[in-house]
Structure formats: structure tokens, C-alpha cells
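One structure is given below, encoded as C-alpha cells.
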Amino acid sequence: MRARPALTSLIGACAVLVAACGGSGGGSEKGIDEPIKMVGLWEVKGESAAAIDDYNNGARMAVEKINAAGGIKGQKIVLERVAADPLNPQKATGQFLQAVDKDPVVMLGFTASSALLASKTQVDRAGIPLISLASASSPLRFGGPGGSEWFWVVQPSDEFKDQATVRFAVEQLKATKIGLMGTNESYGMTNTKAVAAALKQRGLTPVATRNYDPTATDLTQDVLAMKGSQAVIAFTYPNPLAVQLKQFVQNGMKIPTISSSSANIAANNKLVTGEALSLLYGTNACAPVGSKNPATNAFGQEYLRRFNQIPTDLAAESHDAVYIAKAAIEKAGSTDPEAIRKAMNSITVTPQQGIICAAEYKTDGAHFMNHTVSIQRFGTDGKSTEMITYQFPPTEAAKG
Amino acid sequence: MDKFIALTAGGIALGAVLALVALGFLVLYKATGVINFAHGDLITLGAYIGVWTVADLGLPTIPGYVLTIVLMGLIGVLIERVAHAPLRKRPAMVVVIATLAAAIVIRGFISVWQGATPRALDSPVGGGVLRVGGANIAYQRILILIVGAIAVIALLMVFQRTAFGRQVRALAADPETAQLMGVRTKYVAMAAFALSAMLAGLAGLLVAPLGAVELNFGFGLMITAFAAAVLGGFGSLGGVVAGAMVIGIVQQLVGGYVLPEYAATYPAIVLFIVIALRPQGLFDLARSRL
């Protein structure tokens, strides 16, 4: 008989404990007074050979703006960070688990698709919504082996970028003779092949295709092979892009070159100047300085003032990822992961809701959210001007 | 014909840079028996210090470059003190591993100091070109050739006509006898590390204006120059210079006409063929002599 009060007390204590755990445990809704924690999976300068500050700076600017305006339904955002090395996908799982240990409501980042793919199983298991800043490549498509119901990608897909470069070269530059250049590893090879296929659909054959070593310091042979081209599409890194552009000019070849975000980096950092720069075009989600959109420009100017650096589109996308998370939490009406997941699949985030690097973000079947690509050209100060923006249809989920 | 001339000029300029890098390897190897795998990162560091002195501090080109070379010499001495001197009695492989550690430290330092963003170093001779037989040859490549030739001749003079050169040659021929005869290995090693780092820095300064400087800048040059050094027999200065020229011209000319996508692999292919057919190198004219 004496045991009964003790048992009752024990059950009562357990109930209190369970209730307490239920209020703050992973996978369930956070308390109303708690700040909303987001964790960024990216590096800052010095943490690896590829580390840049853009992701962190862009996201922090968004968090500061949202908190200054009262937060998300009155709750402030706290942004923490785990250094996720984009060059070492084998470390990605451990880094993702570190982020999970911080018990966030939403995760932002993985800036490389290889890291996201490597940690895909853990992403599924954690059940925490993740808004990725990696390049939206085919292997990440929802429905395929690399996709997940728990992550979404804010960058426009590589396929869109490839199609945009071809459309710009053919429709705006009126080029029918197009040369292709790129690095001789995955990025350069995959995209030069994709663009060659896109040209073929238009009945065009590349004047020449050259894939070179990313550390090349002399591209004479590759540059001379482009003779006769009216435009060159290049999938390369800033350093060889600078070599390539300088050698075009040195060889008296005034050929417009369309490249990726490497073009912005080369221009921002004055790796190419003068005539070489005047012939360069970049393909990106947006141009934070020089955009026709006043909000994008305001972000670019504010970034420039605070960090003394021209922001890349990566900074703007990181900024937007925070606003996408805010919109999803607001639509979900709670911080419950499942509710946020459902909201992510149905929201349309527009510039009125704070985003600056796209006309809208809307999840398609592949979980890709941005369907616009803009082409920029550069001034002598390195600042870019938006030339044209292309809109692409949603990507379907992968089959199987 | 203009393509042939342009490719040949590019090949010779590449050969001149490879010669500077390979000689940096050779000097150190002959004086200490160490192959320094931090050499590629020293090339990168030299280029970044050049950007710092000229672009950031605003020094005129020649004082900026001289300061860079001096700093590189001091960094070479520092590496010797940290990664070589404490390990001198240990097997050579231990020191080689220590140079790999030094490479990681240098890369980490650059990463914290400069970040991952590429930097530009303007050419001291501008972006103009010399027109030869219908081909355009950039002034910077001509500068590389001239400075490379001067550096090689100066190095030959150092080894032939100075006490340091005689001591290094003695160490290369017979280290034990040289030490018994009073060669001060400590100072020779410090000087060799300094000279090697200065050559790496000079190569970095010369190549940087062709494109841009980033963290992997020196790695490809180091690997290709290593092939040149092996091709030259890792023996005489002349052999290594000839090896570098062969590699540079083969990469440019053969790569320009045959399977250009694989041009970057040609130095390695040449290296494998030479190792298989003539392990002592193509120019083993004076083994263990400089």
C-alpha cells in the first residue's frame, strides 16, 4: 500500500518531464517565447581554400532587417553557423550533424551540391527543413536518388543557365558561330556538352570546343582555336577566365565571352580590365549592384558600404533564403518542421515579402525554387548592369 | 605559321618559368637532399606578396618586386629553421613530410590573409604585344624569357664563382667528405632554402600578370616543373633548364596540334616515357654535379 504514493509521484514526475521534453525536443514545435534558430551551413574567409564571406554576410543582413522589423510573428531570429567545407563532401555528414545538434527550426546552406548529396541520408533522417544555396543540378532533383522531401534549392538550375547563355548569344548577340571553352573537369565538361546539345537543337555546331586545365597559365592554343567565332561561351573559373580574356585581346580577337559567376568575380576583383572586360558577360540569378530592381540595388549598395566589397549573387541568394524561411514559418503558423515542410511546397515568395534576387521563389516538382536567370555586362569599375532576364518553366520531379 | 610562332613563343616562355621553378627544386635537393613539396605554395605566396607590395602598399614595381624577393628569402630561412633544421639527422622522407606540412601551413596562412578571392597583379610592361611573323606575343611573356635567362645565368655564376656555390657542389658530390672538410652545412642549408624560395617567388611574380592569383596558383607549375627536373636528370643546371624547355615546348606545340584537351597531361606522359627508357634523365651529363 505504501508503494502507491511513490509510484504516483514517479508517474507524475515522468509526465512533467515528458511534457517539458515535448516542448523543446527536436522535431516538434518550439516555445512561443523562444527565438527562432536558423543554422547556416557555410564557411567564412580563411576556413578553406574556397571560403568566402558572401553567404554569411547576405544572410546576416536579412536576419538584422527581419529582427529590426519585429522578427517572425514577434519572435526574433538567431542565426548560428557551422563551417561546411564545399571542397570536402566527405566531411558534410559530420558537419550536418553538428548543425542538427544546434536544434534549429530551419537550416540554410550547403553551398556545394556534392556536400548536399553526401549528407542526403542524414537530411532525410533529421526531418529539419533545409534551404540549400548549392547549384541546382540534376542529381538534386526531388524524386531522384539524390533529392529529398526536406531540402529545396534557391539557385536557378545549371540547365537554365546553359539555356540562357545560348539564347543570349544567338538572340541578342546574333551569333551563329559560337565557340565553347571550359575546364577539363566535371563543371567545364558537363556544361560544354550541355551547351553543345542546346546549340544543336538550334541547328548550330560549335566552331570549336576546348577544355583546359583549371590551373593553366597559357591558353594560346585554345584561344587561337576560337578564331572565327562571333561569341564564346565559357564554363571556367575566374583565374583561367582572366587568362583567356587577356589572350583574346592580345591576339586581336574581339569576341564577346559569356561566362558564369566567374565573370562577376573576375570583374569585381579587376582580374580583367579595359577591352577584355568590355567584351565579358555574366550569367547569374541577379546582379546585386546594377540591377534594374531598386530593392536589389539597395541591398548591393548597403552591402558595399558595410563590407567594402561588391556583393555576388550568392550573397543576395543567401539573403533571400532567410526570407523564404520566414515566409514558410509564417505560412505554417508554427515552427513545427512538418508544417514548415508543407508550407515550403506551397508558398510563393515575392519581392513584397523581402526577397531581392528573383521575381519570385516557388517550389517546383524538382524542389528548385528560382526559374529566372539574368545576363549582366560590366563597367570599368567592375559593377555589373543587368542586360536581360530569362524566365524558365518549372522543372518536374525526377522519375524513379 | 602564325599559330606555330605563337605556340613556340608561349612554349619558350613557359619553359623559362618552369626552369626557375625546377632550379629552385634542384638547388635545395643538391644542398640538403630534400625535395620541397611546399615549393608550389611558395610560388603562390610570392605572387600574393607581390600583389600586397605593389597593389596594396602601392610601391613602384621594382622596389615592390625586390621587397617580395627579400621576404621570400626570409620565409625560406624560416622554413629551414622550422621544417628542416630540427629533422636534419632524421631520414630524408621525414623532412619531405615536414615540407608537406609547411605547404599546408603556407596555404592556411594565405587563406586567412587573402581569402579565396582571386587577386590581380598588373604587368610591369603593360598588356601590349610584339608582332612576330603574324603572331602576337605578349610583352609579359618576353619579360618572362629575359628575366628567366638572367636568373639562370646569375645562378650559374653563383655556383661557379662563389664560396656558397662551391660548398653546395661539394655537398652534392660527397656530403660526408664535404662536412669533414669544414663545409658549414647549417649555413649552406639556410642559404639554399632562401635561394629556392626566392626563385619560387620570382616565378610567381612573373606568371601572376598572365592571369590572376588564387590559392592553387603554384601547384600546377610545381608539378610540371618537377617533371622538368626529373627529365633533366636532377643533376646539372643546364640539364634542368633543357628539360624545362622541352616540357614547355612539347606542352604548347604538341598540345596545339594534337589532342589539345590533353595538353596538360603531356608533361606527365613525357616523364613516364623518360623514366621507362632512360631513368637517369635525358641530360644526365654530370650526375651529382651542378
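Chain letters run A, B, ... following the sequence lines, proteins first and then strands; every chain starts at 1.
In this structure, A/Tyr303 and A/Phe299 have tilted ring planes: the angle between them lies in the 30° to 60° band. Using cut-offs of 30° and 60° on the angle between ring planes, the pair B/Phe37 and B/Phe226 is tilted.
Within the 3.5 Å criterion, the main-chain N or O of B/Gly211 finds a donor-acceptor partner in the side chain of A/Lys246. Of the possible polar contacts, none joining the A/Ser318 side chain to the A/Ala315 backbone as a donor-acceptor pair under 3.5 Å is found. Put simply, the side chain of A/Asn211 gets close to the backbone of A/Thr183: a donor and an acceptor are under 3.5 Å apart.
Chain B forms more heavy-atom pairs under 4.5 Å with one residue of A/Thr217, A/Leu241, A/Ile265 than with any other, namely A/Thr217. Taking chain A as the reference chain and counting heavy-atom pairs below 4.5 Å, the highest number among B/Gly256, B/Pro118, B/Ala208, B/Gly115 is found for B/Pro118. With respect to chain A, the highest number of heavy-atom pairs below 4.5 Å among B/Gly10, B/Gly128, B/Ala120 belongs to B/Ala120. Ranked by heavy-atom pairs under 4.5 Å with chain A, the list B/Arg131, B/Gln114, B/Gln252, B/Lys3 is led by B/Gln252. Heavy-atom pairs under 4.5 Å with chain A were tallied for B/Ile137, B/Thr265, B/Val129, B/Leu210; the largest tally goes to B/Leu210. The candidate with the highest count of non-hydrogen atom pairs below 4.5 Å against chain B, out of A/Glu47, A/Gln244, A/Gln247, is A/Gln247. Highest contact tally toward chain A, considering only B/Ser111, B/Ala138, B/Pro209, is held by B/Ser111 [criterion: heavy-atom pairs under 4.5 Å]. Note: A/Asn239 leads A/Asn239, A/Val249, A/Thr215 in heavy-atom pairs under 4.5 Å with chain B.
When heavy atoms are compared at a cutoff of 4.5 Å, A/Leu271 approaches chain B by way of both its backbone and its side chain. A/Thr209 touches chain B through its backbone: at least one of N, CA, C or O sits under 4.5 Å from a heavy atom, while the side chain does not. Using a 4.5 Å cut-off between heavy atoms, A/Asn184 contacts chain B through its side chain alone, with no backbone atom that close.
Counted by atom type alone, A/Ser384 and A/Gln376 present zero donor-acceptor pairs between their side chains at under 3.5 Å. Judged by distance alone, the side chains of A/Asn269 and B/Thr117 never bring a donor and an acceptor atom under 3.5 Å apart. Between the side chains of B/Thr53 and B/Thr68, at least one donor N or O sits under 3.5 Å from an acceptor N or O.
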